[in-house]
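Data first, discussion second: the structure below is written as structure tokens.
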Amino acid sequence: MSTYLLIHGAWHGAWCWEKIVPLLETAGHRVIAIDLPGHGEDQTPISEVTLDVYANRVVAAIDGLDEEVILVGHSMAGIVVSQAAEYRPNRIKSLVYLTAFLLQNGQNMLVIPPNPNMRVSEDGSTITVPADKAKDTFYNNCLDEDITAAVSRLQVQATSPFVTPVSLTQQNFGQVPRYYIEGLRDHAIPIEMQRQMQAASPCKEVFTLDTDHSPFYSTPEQLCNILLNIG
């Protein structure tokens, strides 16, 4: 039995894993999907949300377990799982980047040009994706009912984690095996950019899905099979 710790990306919450959790559990594994601070059911004020606040929430979840985890980060959560791995390298069996930001030490998410569908608030503190742009950005290969349900749950995103550099070392983060799951039809992080990041930070193995930015909705069975393969 493996333990999977699933970390959602920007604007989302633990709810986005709703199709993946039962598939992994049915296969006999332990699965934990958490809300990052300021997301889902978590009530942390958005003004208090930072990359380190995110990473510390993941570290707390890891510290509450008595076994190593397979730590999966989607999209923005790539920086979160990387920073958590820097803090708890010996507690993470594998790092999995699902159409995610895989950055090098000192980089922030602005190394990739921001998606044109993102809207920054006047004071610069938050970012939103308008409902009418969400399908094209995140869910361009998903079923309509999944799109409707997901869009209704999207939340405002704090800007701070996007602009904060990750602080990583070879001695800690660099010792954890990395895997990347790329999406060929991803409109949020285009495949060319995913592969630039993979080239700069090589992974133990790369898996390819012919789908969008949200395989947990568009191709859940295929995604589950890859996660089981890694586990």
Side-chain angles (χ1 to χ4, degrees), residues 6-13 16 34-39 42 44-59 71-89 92 95-129 133 137-138 154-176 178-183 186-203 206 213-214:
L6 309 179
I7 312 300
H8 64 82
W11 300 284
H12 289 68
C16 72
I34 64 170
D35 285 323
L36 291 174
H39 295 262
D42 185 90
T44 302
I46 201 159
S47 60
E48 297 177 12
V49 171
T50 65
L51 173 56
D52 233 32
V53 165
Y54 281 164
N56 288 334
R57 176 63 57 86
V58 175
V59 166
L71 184 57
V72 183
H74 174 244
S75 193
M76 175 204 71
I79 65 170
V80 182
V81 300
S82 291
Q83 199 60 66
E86 176 67 22
Y87 298 151
R88 292 293 185 275
I92 300 168
L95 278 174
V96 183
Y97 295 83
L98 174 60
T99 62
F101 283 85
L102 173 54
L103 302 186
Q104 297 174 283
N105 178 51
Q107 291 183 324
N108 65 25
M109 284 172 51
L110 298 185
V111 297
I112 289 182
N115 187 287
N117 291 333
M118 296 176 186
R119 302 286 184 267
V120 180
S121 63
E122 283 192 16
D123 66 359
S125 66
T126 63
I127 311 171
T128 55
V129 175
K133 303 290 186 183
T137 308
F138 304 128
L154 294 177
Q155 293 167 288
V156 174
Q157 170 66 45
T159 306
S160 176
F162 281 51
V163 299
T164 303
V166 291
S167 181
L168 308 172
T169 64
Q170 184 59 32
Q171 296 92 325
N172 292 334
F173 164 76
Q175 300 307 308
V176 184
R178 297 189 295 269
Y179 298 83
Y180 201 100
I181 305 173
E182 61 182 23
D186 191 333
H187 291 178
I189 309 176
I191 185 61
E192 300 80 17
M193 295 175 184
Q194 294 178 54
R195 289 178 175 171
Q196 285 175 20
M197 293 186 289
Q198 295 167 29
S201 301
C203 295
V206 175
H213 191 60
S214 304

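We're numbering straight along the sequence, starting at 1. Just so you know, these numbers use all the heavy atoms, side chains as well, and skip hydrogens, waters and symmetry mates. The structure presented is a predicted model; accordingly, all values stated were derived computationally and were not measured.
The two residues H213 and D186 make their nearest non-hydrogen contact at ND1-OD2, 2.7 Å. A pairwise comparison of heavy atoms in L102 and R178 identifies CD1-CD, 3.9 Å as the closest pair. Considering all non-hydrogen atoms of both residues, L71 and A84 come closest at CD2-CB, 4.3 Å. The heavy-atom pair separating L95 from A85 by the smallest distance is CD1-CB, 3.6 Å. The nearest pair of heavy atoms linking G73 to A100 is O-CB, 3.4 Å. Between H12 and L154, the closest heavy-atom pair is CE1-CD2, 3.5 Å.
We find the OH-OG distance between Y97 and S82 to be 2.5 Å, quoted to the nearest 0.5 Å. Interatomic distance, CD of E192 versus CD of E182, reported as 10.5 Å (0.5 Å rounding). In this structure, CD on Q196 lies 10.5 Å from CD on Q198, to the nearest 0.5 angstrom.
Annotation: Y54 is in aromatic contact with H39 [ring centroid separation under 6.0 Å].
Within the 4.5 Å cutoff, side-chain heavy atoms of L98 are placed close to those of I181. You'll find the side chain of V156 reaches within 4.5 Å of the side chain of T128, heavy atoms only. Q157 is listed as a side-chain neighbour of M76, based on a closest heavy-atom distance under 4.5 Å. Looking at H74 and I7, their side chains never come closer than 4.5 Å, going by heavy atoms from C-beta outward. The shortest distance between side-chain heavy atoms of V58 and L36 falls below 4.5 Å. Side chains of I189 and M197 form a contact here, defined as non-hydrogen atoms less than 4.5 Å apart. Side-chain atoms of V166 and F173, non-hydrogen and from C-beta on, never get closer than 4.5 Å to each other. Side-chain contact between P89 and Q171 is absent, with no heavy-atom pair separated by less than 4.5 Å.
Counting only distance, with no hydrogens or angles, the side chain of T159 and the backbone of T126 share a donor-acceptor pair below 3.5 Å. In this structure a side-chain-to-backbone donor-acceptor pair under 3.5 Å is missing from Q170 to Q175. A donor-acceptor contact shorter than 3.5 Å links the side chain of Q194 to the backbone of G183. The backbone N or O of T169 lies less than 3.5 Å from a partner atom in the side chain of E86, making a donor-acceptor pair. No side-chain donor-acceptor contact under 3.5 Å links Q104 to the backbone of S201.
Among residue pairs with one or both ends in residues 45-58, those qualifying as salt bridge (charged side-chain N to carboxylate O under 4.0 Å, His left out) are D42-R57; sequence neighbours excluded.
Applying the side chain to side chain contact (heavy atoms under 4.5 Å, CB included) rule to A158 yields the partners I46, V49, P161; only residues at least two apart in sequence or on another chain are considered. Partners of Y180 according to the side chain to side chain donor-acceptor pair (under 3.5 Å) rule, which considers only residues two or more places apart in sequence or in another chain, do not exist here.
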TODO: Apply side chain to side chain contact (heavy atoms under 4.5 Å, CB included) to the pair F162 and I79, showing each step before the final yes or no.
DONE: CA-CA 9 Å; F162 281 51; I79 65 170; over 6 Å; no
Open item on the list: If you apply the rule side chain to side chain contact (heavy atoms under 4.5 Å, CB included), what do you find for V72 with V81, and how did you get there?
Closed with: CA-CA 7 Å; V72 183; V81 300; over 6 Å; no
- [ ] Apply the test side chain to side chain contact (heavy atoms under 4.5 Å, CB included) to residues L168 and Q83: give CA-CA distance (whole Å), side-chain angles for both, the deciding distance (0.1 Å), then the verdict.
- [x] CA-CA 7 Å; L168 308 172; Q83 199 60 66; 4.3 Å; yes
